[in-house]
Amino acid sequence: MKYSEIMVRYGELSTKGKNRRDFIRQLGKNTHLVLRSFPTLEIQPRRDRMHIILHDEPVKPVMQAVSKIFGIETFSPVVKLTANASLAQIQQTALELVQAEFKPGKTFKVATIRQNKKYPLNTYGVDDGVGGYLTDQISGLKVDLHDPDITVRIEIRLNGVYLSCQTIAGALGLPVGTGGRGTMMMSGGIDSPVAAYMAMKRGVKIDMIHFYSPPYTSPQALAKAKDLTVKLAEFGGTIDFIQVPFTKIQEEVKKAVPAGYLMTIQRRLMLKLAAAITIDRHCNAVFTGESLGQVASQTIESMRVINEVTNLPVLRPLLSLDKTEIIKIARTIDTYDLSILPFEDCCTIFTPPAPKTKPDLTKTLEYEQRLDLDGLLSEALAGIEIKKINVGDDYLNGEQDVFAELL
Ligand code: ATP
Ligand code: MG
């Protein structure tokens with residue numbers, strides 16, 4: 001079946017009244033970025049629907065990519081005929097569509113909507129004409145008006161006659177970029193990509209902040225965090241990836257601070273840096289992949305002492321999820337296999353065997369005073385590097401960085 005376009009029905013944004021125009025524009029922009037590897041597509045975000053005109057692109061991979069974009073309620077691969085298409089043409093197209101879906105025992109109905117009042121047949125005429133033709137042509141196909149397996153939708157519009165018989169569930173949520181901006185503290189672990197996904201689902205445009213500690217962490221660990229970001233870009237388009245050198249801070253903390261407080265103080269400095277970057281980039285919140293009680297740094301007491309470094313909202317979408325629930329989401333968004341690759345994170349390396357689960361704030365502040373905080377923080381900030389990460393990039397296999405070196 002040669003489809004002419006994918007018709008996209010909007011999700012939650014339809015309820016947003018005056019913001020509707022911005023939402024549709026943003027969804028169009030995101031769709032463009034997500035589908036960047038299909039060069040001949042034409043994306044038309046219109047008031048009531050978005051049309052993705054396929055031209056010569058194959059429908060299946062485009063649908064696969066569209067199914068991830070936040071802000072889409074449902075979508076359908078559609079065949080468009082001319083506005084004056086005859087009943088015979090409509091019948092023939094409907095037959096091909098249903099044949100692609102039909103298995104013995106399946107039921108169907110035809111649902112016609114007519115916007116073009118000049119079209120010679122009314123909706124009943126089209127329903128009957130197409131329905132009768134299909135039952136004649138496909139033996140064993142039965143009509144069921146109430147709960148059909150296949151619904152043949154025919155829309156007779158001013159600019160064409162549209163036919164489809166599949167309605168596929170979209171990713172729901174809000175288009176990324178319509179819910180404000182935040183940063184995400186992105187490790188290479190299982191949790192932070194899932195937290196990023198959840199923030200993005202609510203329309204938040206996320207900049208990734210990743211701390212790395214060469215030579216203690218490998219280039220692969222960095223590439224892995226970038227490739228996780230590539231996966232997340234599939235939900236809403238290009239993402240800024242900010243890498244922050246953390247080696248010197250970790251070495252200094254290790255020298256100056258008692259083992260029990262290493263983790264707490266490292267985490268405070270990470271969050272302090274993340275907060276500074278967040279403000280600098282005009283973002284309004286820091287997201288993390290923390291889940292209450294999961295590890296020592298994620299007790300409610302630790303969170304308080306770590307959180308004390310900033311008054312920005314620190315948002316934790318996974319706060320009350322179990323690890324098994326988080327893993328389930330990680331599998332559905334296809335980040336799990338990357339996350340479990342054994343490249344060490346900067347936190348694991350300098351983590352003492354017994355970090356304090358209930359750190360004391362006064363002691364924390366006292367130990368922290370042993371460090372040249374301002375010097376360390378400004379050195380780290382001076383060393384940040386920012387990269388735009390696109391759908392389809394590939395860092396672990398080296399392609400992106402090799403390419404970058406050639407330029
Ligand atoms: P994750 O799977 O996200 O790594 P985790 O359960 O392993 O989470 P931790 O390693 O203690 O937990 O990290 C808690 C949170 O701190 C992470 O979810 C992430 O938001 C942030 N974080 C940890 N390491 C880094 C890093 N190298 N760069 C940026 N953020 C980090
Ligand atoms: Mg981790």
Side-chain angles (χ1 to χ4, degrees), residues 182-199 206-214 216-226 228-229 231-232 239-247 249-250 262-278 285-300 302-303 305-307 309-310 312-331 333 335-352 355-357 359 380 383-385:
T183 57
M184 173 79 220
M185 292 179 66
M186 175 76 179
S187 71
I190 296 168
D191 302 330
S192 35
V194 174
Y197 162 82
M198 292 174 88
I206 293 287
D207 294 345
M208 299 301 184
I209 300 178
H210 177 74
F211 296 91
Y212 70 118
S213 298
Y216 307 107
T217 59
S218 62
Q220 285 95 323
L222 187 59
K224 171 181 163 185
K226 288 180 183 164
L228 284 166
T229 305
K231 292 270 179 209
L232 291 159
I239 298 175
D240 284 354
F241 183 93
I242 304 161
Q243 56 191 65
V244 188
F246 204 57
T247 314
I249 291 183
Q250 288 193 298
L262 281 179
M263 187 273 303
T264 310
I265 290 180
Q266 281 179 53
R267 289 302 167 116
R268 278 171 59 88
L269 300 187
M270 264 193 188
L271 184 57
K272 220 173 159 75
L273 287 166
I277 294 167
T278 304
V286 181
F287 287 81
T288 79
E290 291 166 305
S291 153
L292 198 52
Q294 201 184 82
V295 289
S297 62
Q298 298 175 26
T299 62
I300 207 160
S302 265
M303 279 185 195
V305 173
I306 295 166
N307 217 146
V309 299
T310 180
L312 281 175
V314 178
L315 302 178
R316 301 172 174 94
L318 309 185
L319 192 77
S320 49
L321 294 190
D322 292 346
K323 197 76 185 186
T324 45
E325 295 172 297
I326 298 170
I327 288 173
K328 200 167 157 205
I329 302 173
R331 284 190 197 279
I333 65 171
T335 53
Y336 183 75
D337 290 343
L338 262 176
S339 289
I340 59 170
L341 292 176
F343 304 126
E344 65 298 338
D345 187 61
C346 63
C347 294
T348 35
I349 296 170
F350 286 84
T351 302
K356 281 250 177 293
T357 53
I384 67 175
E385 284 175 56

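Counting convention: from 1, in listed order, for ligands and their atoms alike. When a residue number appears, it is its place in the shown sequence, counting from 1.
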Please report whether ligand 1 has a polar contact with [X], defined as an N or O pair separated by less than 3.5 Å (distance criterion only).
X: I190; answer: yes
X: S192; answer: yes
X: M185; answer: yes

T357 and T299 side chains, donor-acceptor separation under 3.5 Å: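 Per modelled atom types, T299 and T357 side chains form no pair under 3.5 Å.
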Only pairs under 3.5 Å count here: list side-chain donor-acceptor contacts from residues 313-328, not counting sequence neighbours, and write none if there are none.
{"unit_1": "R316", "atom_1": "NE", "unit_2": "E290", "atom_2": "OE1", "d": "2.8"}
{"unit_1": "R316", "atom_1": "NH1", "unit_2": "V314", "atom_2": "O", "d": "3.4"}
{"unit_1": "R316", "atom_1": "NH2", "unit_2": "N307", "atom_2": "OD1", "d": "3.2"}
{"unit_1": "K323", "atom_1": "NZ", "unit_2": "D191", "atom_2": "OD1", "d": "3.0"}
{"unit_1": "K323", "atom_1": "NZ", "unit_2": "D191", "atom_2": "OD2", "d": "3.0"}
{"unit_1": "E325", "atom_1": "OE1", "unit_2": "D322", "atom_2": "N", "d": "2.7"}

Those residues that, when tested against D240, pass salt bridge (charged side-chain N to carboxylate O under 4.0 Å, His left out) (two or more places apart): R281, K388
Close side-chain approach of [X] to [Y], heavy-atom, < 4.5 Å:
X: S192; Y: M184; answer: yes
X: I209; Y: F211; answer: yes
X: L232; Y: Y197; answer: yes
X: F246; Y: L273; answer: yes

Among A330, G188, G289, S213, closest by any non-hydrogen atom to atom 18 (O) of ligand 1: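 Shortest heavy-atom distance from atom 18 (O) of ligand 1: G289.
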Per-residue contact class, M186 against ligand 1 - non-hydrogen pairs under 4.0 Å: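 It is the backbone that gets close, since no side chain atom is under 4.0 Å.
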Considering the heavy atoms of [X], write down every atom of ligand 1 situated less than 4.0 Å from one of them.
X: G189; result: 1 (P), 2 (O), 4 (O)
X: T288; result: 20 (O)
X: R267; result: 9 (P), 10 (O), 11 (O), 13 (O), 14 (C), 15 (C), 16 (O)
X: I209; result: 29 (C)

